[in-house]
Amino acid sequence: MTTRESLIARLAAHRQQHVLAFWDALDAAGRARLAAQIESIDLDTIDRLYRNGPDHEDFGPLMARAEPPPAVRLADAERSEGALRAGAAALSAGRVGALLVAGGQGSRLGFPHPKGMYPIGPVSDRTLFQIHFEKVLAIRARYGQPVPIYLMTSPSTHAETVAFLDRHRRFGLPEDELILFCQGTMPAVDARTGRLLLKDRDQLFLSPDGHGGIVSALEASGALDHMRGRGIEQLFYFQVDNPLVPVCDPTLIGHHLLANSELSTVVVAKTSPHDRVGNAVLVDGVVRIVEYIDLPDAAARAREPDGALKFWAGSVAIHVFARSLLERAAGNHQLLPLHVSKKKVPYLDDSGRRIEPADPNALKFERFVFDLLPAAENAIVIEAQRRQIFAPLKNASGAATDTPEWVRAQMRRQYHEWLTAAGVAVDADAAIEISPWTALSAEELQEKIERGQWCVGSGTELP
Ligand code: UD1
């Protein structure tokens with residue numbers, strides 16, 4: 001059993017005993033909770049990060065050696081035909097699963113629930129979760145094989161996500177095809193002193209360990225075993241915030257397979273030097289992603305002689321992983337370095353007073369899943385059209401982009417384009433939504449219309 005003395009001994013070695021300041025006043029449950037949190041922390045790592053800074057190398061010198069990455073163009077019809085066949089074969093053989101990350105706290109959106117529960121369908125108010133699940137179900141129906149969803153939550157989104165999906169009976173997904181697992185956490189430390197911060201008298205301040213936490217969470221939860229048991233070899237990875245994501249798109253998966261790649265990442269052309277997206281770059285012959293906050297200003301602004309942005313390739317956080325890479329990473333945690341960022345973190349001071357800092361006061365630690373790129377065999381970059389695949393919900397109403405209104409407008413625009421391409425005349429301002437059950441792409445909609453499997457109503461949700 002954990003005693004106060006054993007906790008003190010562990011903490012004192014790292015000058016962190018202050019987190020026991022209120023121990024004597026805690027009840028048994030409070031003590032057990034705090035003790036478990038303290039024991040789950042790797043204090044050596046926290047010390048090292050505080051003293052030495054982040055695990056990864058300095059981005060200034062790194063970007064000085066960087067080049068724009070070579071990219072496969074999805075729009076290249078000739079190459080894409082073979083890719084479509086290869087991806088379709090993998091789906092028909094039941095070798096593909098979906099990895100959906102939904103552990104973020106969505107603080108910029110200001111929605112007090114997991115972001116996946118946000119009602120975004122422009123006509124139906126379908127939630128992000130429903131849209132993603134229906135896309136997977138439509139792929140499942142088309143290829144006649146299960147496509148398990150491995151859905152990552154965090155302690156702050158887990159219980160509500162489980163209850164929501166239960167309430168909606170997983171939108172029709174069979175029980176053994178939805179594997180929910182919760183990611184781990186990391187503590188925050190005071191930026192000036194390196195001391196752990198208390199959220200409450202019986203709780204450390206802990207936050208999700210970044211989407212890179214997916215590797216250890218997949219392993220610890222048994223999800224990697226589930227993949228192995230089901231013969232799932234490729235994982236289509238995406239974020240919960242993007243309703244335009246072409247989930248399990250066979251052509252994307254096919255390019256990844258044809259390149260014999262262990263990690264393929266999808267990019268779009270950046271719209272400005274400081275676009276808030278990761279930057280896919282080639283450094284010393286290796287593809288990697290440098291996050292927008294880490295990109296030095298000079299690199300962000302660098303231009304080619306024709307005036308185009310040198311580092312043009314913006315990550316939309318859609319990747320295809322080979323299971324082999326996830327397995328290798330699970331056995332070698334060094335492959336995912338810890339990034340450090342300075343954030344505002346409210347905390348209890350030593351007298352028990354709650355402090356709401358006006359400026360960033362704390363260091364938080366996260367792993368980014370795209371840091372696996374250098375460890376991947378034959379990593380490739382695939383370029384797609386932004387308007388076709390990317391409209392992330394990030395900001396509360398009032399911001400210039402990535403707000404609920406902006407995302408709905410992007411969705412309506414896409415449906416409008418699909419209908420127009422299929423020869424259907426629609427008012428530019430018509431309220432339109434196309435269910436994933438009806439079509440997952442412009443081509444599929446066109447085929448259905450041509451075959452007479454679908455006819456157009458107006459102003460209502462399409463079937
Ligand atoms: C992220 C990417 C950025 C990309 C952009 C595209 C990072 C660090 N950056 O930026 O390269 O261009 O999306 O939209 O990811 N999540 C977890 N657990 C966590 C943290 C995040 O599951 O601990 C999930 C979130 O639920 C979300 C996704 O990861 O689905 C992205 O997180 P977010 O904080 O929104 O990243 P961005 O800064 O927008």
Side-chain angles (χ1 to χ4, degrees), residues 54 56 59 98-111 113-118 120 128-129 131-132 150-158 160-161 180-188 206-218 237-245 247 265-272 274-281 288-295 300 311-319 336-341 343 364-373 381 384 386 389-396 399 401-403 406-407 410:
H56 52 71
F59 290 104
L99 269 186
L100 169 54
V101 288
Q105 290 161 314
S107 16
R108 279 188 273 159
L109 181 62
F111 178 60
H113 304 287
K115 214 187 254 188
M117 290 169 59
Y118 198 95
I120 199 69
L128 283 161
F129 276 138
I131 292 171
H132 298 318
Y150 300 90
L151 168 54
M152 184 167 86
T153 59
S154 65
S156 53
T157 61
H158 190 78
E160 224 183 328
T161 302
L180 267 134
F181 60 102
C182 188
Q183 70 180 103
T185 54
M186 286 294 284
L206 299 174
S207 51
D209 57 356
H211 42 58
I214 197 166
V215 169
S216 40
L218 277 172
Y237 171 105
F238 61 107
Q239 300 189 157
V240 74
D241 57 15
N242 177 15
L244 296 194
V245 61
V247 180
T265 190
V266 181
V267 299
V268 298
K270 282 170 59 176
T271 51
S272 68
H274 295 288
D275 220 349
R276 289 169 73 93
V277 289
N279 295 267
V281 298
R288 43 196 304 174
I289 290 180
V290 175
E291 198 42 18
Y292 53 91
I293 36 167
D294 296 323
L295 187 69
F311 297 110
W312 59 271
S315 164
V316 288
I318 297 173
H319 317 291
L336 282 170
L338 277 156
H339 294 248
V340 179
S341 58
K343 295 275 165 66
K364 283 171 101 174
F365 310 102
E366 279 190 304
R367 298 181 201 276
F368 297 162
V369 76
F370 49 68
D371 282 333
L372 286 180
L373 276 165
V381 175
R386 180 184 283 252
I389 63 158
F390 188 50
L393 178 63
K394 308 268 189 198
N395 297 325
T401 57
D402 306 356
T403 62
W406 179 88
V407 173
Q410 299 301 309

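Count residues from 1 along the sequence. Start at 1 and go down the list; that is how both ligands and their atoms are numbered. Since the model is a prediction, treat every value here as computed from it, not as a measurement.
- Arg367 places a side-chain N or O within donor-acceptor distance of the main-chain N or O of Leu336, the cut-off being under 3.5 Å.
- Close approach to Met152 involves these atoms of ligand 1, each under 4.0 Å from a residue heavy atom: 22 (O).
- Take Lys394 and apply the salt bridge (charged side-chain N to carboxylate O under 4.0 Å, His left out) test, not counting sequence neighbours, and it matches Asp241.
- In terms of protein heavy atoms, atom 11 (O) of ligand 1 is closest to Glu291 OE1, 2.8 Å.
- A heavy-atom separation below 4.0 Å is not found between Ser154 and ligand 1.
- Between Phe390 and ligand 1, a contact under 3.5 Å exists for no N or O pair.
- At the shortest separation from atom 12 (O) of ligand 1 among protein heavy atoms lies Ser315 O, 2.6 Å.
- At least one N or O atom of Val101, backbone or side chain, sits closer than 3.5 Å to an N or O atom of ligand 1.
- For the atom pair CD1 (Ile214) and OH (Tyr237), the distance works out to 5.5 Å, reported to the nearest 0.5 Å.
- In terms of heavy atoms, Gly106 sits closest to Lys115 at CA-CE, 4.0 Å.
- Residue contact check: Val277 has heavy atoms under 4.0 Å from atoms 12 (O) of ligand 1.
- What sits closest to atom 22 (O) of ligand 1 on the protein, heavy atoms only, is Gly103 N, 2.8 Å.
- A perpendicular orientation is assigned to the rings of His113 and Phe111, their planes being inclined by more than 60° (bins at 30° and 60°).
- With sequence neighbours excluded, the residues that form a salt bridge (charged side-chain N to carboxylate O under 4.0 Å, His left out) with Asp275 are Arg386.
- Nearest protein heavy-atom neighbour of atom 26 (O) of ligand 1: Gly104 N, 2.8 Å.
- Near Gly278, meaning under 4.0 Å from any of its heavy atoms, are these atoms of ligand 1: 3 (C), 4 (C), 11 (O), 12 (O).
- Here the side chains of Pro392 and Val407 are not in contact, with every heavy-atom distance at 4.5 Å or above.
- Residue contact check: His211 has heavy atoms under 4.0 Å from atoms 7 (C), 8 (C), 15 (O), 18 (N), 19 (C), 20 (C), 23 (O), 29 (O) of ligand 1.
- Polar contact check, Ile289 against ligand 1: no nitrogen or oxygen pair lies under 3.5 Å apart.
- Near Val240, meaning under 4.0 Å from any of its heavy atoms, are these atoms of ligand 1: 30 (O).
- Contacts of Arg108 with ligand 1, taken as heavy-atom pairs under 4.0 Å, involve the side chain alone.
- In terms of polar-atom proximity, Pro392 is not counted as a contact of ligand 1, lacking any N or O under 3.5 Å from an N or O of the ligand.
- The residue from Gln183, Lys394, Lys364 that puts a heavy atom closest to atom 14 (O) of ligand 1 is Lys394.
- Residues Thr185 and Pro155 form a side-chain contact, since some pair of their non-hydrogen atoms from C-beta on lies under 4.5 Å apart.
- Nearest to atom 38 (O) of ligand 1 among the protein's heavy atoms is Tyr292 OH, 2.8 Å.
- The shortest N/O to N/O separation between Lys115 and ligand 1 does not fall below 3.5 Å.
- For the pair Gln239 and ligand 1, the shortest N or O to N or O distance falls below 3.5 Å.
- Taking the six-membered ring where tryptophan is involved, the planes of Phe238 and His132 are perpendicular, since the angle between them exceeds 60° and thus also 30°.
- Counting heavy atoms from C-beta outward, His339 and Phe365 have side chains that stay 4.5 Å or more apart.
- For atom 16 (N) of ligand 1, a protein heavy-atom neighbour is found at a distance under 4.0 Å.
- For the atom pair OG1 (Thr401) and CH2 (Trp406), the distance works out to 5.5 Å, reported to the nearest 0.5 Å.
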